[in-house]
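First the structure, in the form of structure tokens, and then the observations on it.
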Amino acid sequence: MSTCEFVTFHIADQLFGLGVTEIHDVFRPARMTPVPLSGSEIAGVLNIRGRIVTAIDAHSRLGLRQRENSTNDKSLAIGVEYGGESFGMLIDEIGDVVRLDDGDKEQNPVNLDATWSRVSRGVYRLEGRLLIIMDIDRMLDGGGGAERAAA
Amino acid sequence: MDDLLSEFLTETAESLDVVDVELVRFESNPGDKATLNNIFRLVHTIKGTCGFIGLPRLESIAHAGETLLGKFRDGALPVTPASVTLVLASVDRIKLILAHLAAEQVEPPGDDRDLIAQLERVSQGEAIAPTPKPAPAPVISAPVVVAEVTPGPEAQEGEGRWDGDQGRFLRPGEVSLADLEAAFMNTECPEVQEIKPVVAAVAAVAAVVEHDDEKKGAIGANTIRVNVDVLESLMTMVSELVLTRNQLMQILRNSVDSEFKAPLQRLSGVTAELQEAVMKTRMQPIGSAWKKLPRIVRDASQDLGKKIDLQMEGENTELDRQVLELIKDPLTHMIRNSCDHGVETTEQRIAAGKSETGVIKLRAYHEGGHIIIEVSDDGAGLNTDRIRQKAVEKGVIDATEAMAMTDPQIHRLVFAPGFSTAAKVTNMSGRGVGMDVVKTNVEQIGGTIDLRSSFGAGSTFIIKIPLTLAIISALIVGVEDHRFALPQLSVIELVRAGRRSEHRIEMINTTRVLRLRDRMLPLVALSDVLGLMVDDGSNDRSACIVVMQVGETRFGLIVDEVFDTEEIVVKPLSKRLGSMSEYSGATILGDGSVIMILDPNGISRSIANVERTVSRLLDEQTRAAAAARAAQETQTRISMLLFTAGGSEPRACPLSLVTRLEEIDASTFEMTSRGLVVQYRGRLMPLASGGGAIRREGRQPMLVFSQGTLAVGLAVDSILDIVEDLLDFQLTDQAPGVLGTAVLKGRSTEIIDVSHYLGQAEPAWASAAVQLDVRANRKRILLIESHPFFRNLLAPMVSAAGYDVTVASGLEEARARLAAGATFDVVLADADGAVITEVEGAQVIQMSSRRDGDAVPKSDRHALLDAIQRAIHRGEAA
């Protein structure tokens, strides 16, 4: 049985997971510059070791209520690479690394919100909680609704 | 992909580009042996390499082409356009096959019998069917192909003898291996070497990567190939180094003397040099973007049946590699445009008195941190009226605007989106794309494009592109808590406006404007552009205004604070942010924080509407009682003298023409053979009637006009008033003596033609040779003005200011005077008519009756005299 290692994290109260190989790093976003008119999904831009990293507000992307203190000292971000560019997805809490069997992965529950099921690759049932495996590509691709087209 | 294959593809592609250019050059100069040898050698090498690598299809075509070229070289075949077209066609075919090779790593299936058969036929001296003269409109791609499409039976098999050794038929021009060996055997030579097939032997030499010393070409022997990605990463690292250096220098500035200072200074210098050197690696001569153009022009001129010559100047002007890529397509498009629409057919040109061959000129040069590229043709130029019409039809502008726009403004409409007739195609390959895409492409790299055109004479497009992309100077501004960077290039000046400063923000309707040195500048708040919430009452607060210019739009950006100017590295935005028009990138400042770089183009677009509204409102304000039509936009009023003469209807003349108002005792008038005269201020002054009879007794009201030593008195019945009004002038050609009518003080008033009356009394008035006291320091002004009204208005005005004025009623007269040896210090040129921009030894000032760009308004006495003074200073300083 093949297994996969996932890094788990919380966004709002939901537990998500990403494959360890998909994550570049986890960091504390400092001095984020907001980008006016960029839409609510883009939290801003950051400087990480000389590279411009685009910060994605996962709450907004998932259609959740905006966090009150978006520049909280305690906030964390998961750094990923996508399309040759660096992104940081803002999360609420980082969890453990778990190793799970591929066979245990289940399909999305039918009553899962449309936006969520689009970014979900499947779920695992852990003791009493649901772990959603996130499709990072789809997550970073953008919902499209909040973005502005070129003038 | 196989290394050998990919090397081959790169090299062959380069060689083919050279062959293209050389062939076109050779065609217009068939005696040029050096070029022909070069072409022959290149094709020969290609053939050899193909054989070596095992690309039979390519090898066959190359061989056939080489044979034909060989005939040219031996003089056995005349060089005709048809045969050169054929060679070019084979080059194209090779390119096609190469493309397939690059994608699939194998040659495409099929063969090229048709092409090869033609090539062989021509080599053997058979004439190609004469190319039918193409009709002006339809485009025929290869006139040669008309007759020779189906190859005759002899081309199928057995075109030559069968060579058992090579296992194939011999191509024309080839000898069999057996024959070759025999020939070798029979010649006396010390050694008889094993002969491999000729093809392979040559190929072995050709496959060597280093260039032969023999090979002439643009590439010298001191170059190496470097992968582009390596250069890119080198560039990025150097940029980071520069930033870090900047950070260090900033820290250094704030600290007291430390042992770090000296080494850091040294580091800073070395970094700057490194930066320069790396920038240089990105620089390439623009000639490489022009390589394909001679061929395109040649083909277009053949297809369209026009004679077009492409001249290139400044091929060695260097620019950034990235920019080069981006302008290739726009340039191609513009050249094609010039060929299609600019240059006329031979008949049209001859009918217009031009030379048979149209000339398209490409010019590139550096100027102040930019590279300027000019594409000009001496063709038909732009038809302003048609453009105006078309623009109104397409709804790009409305009819009122259309009438108010000057010719250059109408010309620039060709850049407007929605103007082009073709459907939008985003992949620019010269097909069906409009000039608006060209403009967008140019502006995306931070450049500008403008055009000048003269109907009947030709058009010129001017592209201006900044030399460096990566590091720019930027002004850091702040609004609310945010900081942004504005590219320095688009910033003209900074103004502080507010209650305590001399500049004030005014409101027109709901739009904020700033009156800056007699110009109304539309304002936009950066906070509004970015949708940031700001507490209002901003009109009272002191505000910083950044005056910016983007293309022709000038506007002011209201910000809270202006920090300083910094050199920043432009970092591209993520694709998700890249589509936003407000930002053109981001950068990391010395303190490590990221700030967004604003895109002036994006901002100006959002206020383009504002500017139009402001202009419109201004027009309405200043035009007052005049009906809304295409009137001159002028803000100065003209003083007019109202009088009656020979009737009760008021008549008028410009007050500035009148030297003096007099009432003279009519009994002092004396009759001479020329008419009535009076002794006036020590001279005899002839009298003319303004309409009625001249009194012989009593007091005669009189307008005295003088110019230099000439003076004439115009007798009038009574002087009514002096009014200052905007001259709403309507031309009529009525009786002599009347220039037209205008509405003054609500009444329709005849404006008299002063020169008519004065000419009657004093014939010397008509010729404008002014005799003045010759004082060495009087400056000479040449006034070129076709309109009598303005002539009479301006000449005395300028003369009264102390200048020596010569008047010419048009270009012809002006040229005649200049040719006759007259010299001038300043030339006042009428920009409404034919434009004269340069006069040897003189400063030229453009005047216009409308408010038109840089031209001085004719009615603005103050501005004119000002301009003359400045021109004189310039002339003296030169």
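Values below: every heavy atom of this structure, side chains too, minus hydrogens, waters and symmetry copies. A, B, ... follow the sequence lines: proteins, then strands. Residue 1 opens every chain.
- The local environment of CD in Q107(A) is sparse, with at most 12 non-hydrogen atoms from other residues, nucleotides or ligands closer than 6.0 Å.
- More than 12 heavy atoms of other residues, nucleotides or ligands sit less than 6.0 Å from atom CG of N227(B).
- The minimum heavy-atom distance linking R31(A) with S593(B) is given by the pair NH2-N, 4.1 Å.
- The two residues P36(A) and F484(B) come nearest to each other via the heavy atoms CG-CZ, 3.9 Å.
- Looking at Y82(A), there are no atoms closer than 4.5 Å to chain B (heavy atoms on both sides), in backbone or side chain.
- Using a 4.5 Å cut-off between heavy atoms, T244(B) does not touch chain A at all.
- Within a 6.0 Å sphere centred on CD of E81(A), other residues, nucleotides and ligands contribute more than 12 heavy atoms.
- In this structure, N47(A) CG and T587(B) OG1 are separated by 9.5 Å, a value rounded to the nearest 0.5 Å.
- The structure places CG of L46(A) at 10.0 Å from CD1 of I588(B), a figure rounded to the nearest 0.5 Å.
- Residue V594(B) is tested with I48(A), V35(A), I52(A) for a side chain to side chain contact (heavy atoms under 4.5 Å, CB included); the sole match is I52(A).
- Counting non-hydrogen atoms of other residues, nucleotides and ligands closer than 6.0 Å to NE2 of H24(A) gives a total of 12 or fewer.
- Atom CG of D13(A) is surrounded by 12 or fewer heavy atoms from other residues, nucleotides or ligands within 6.0 Å.
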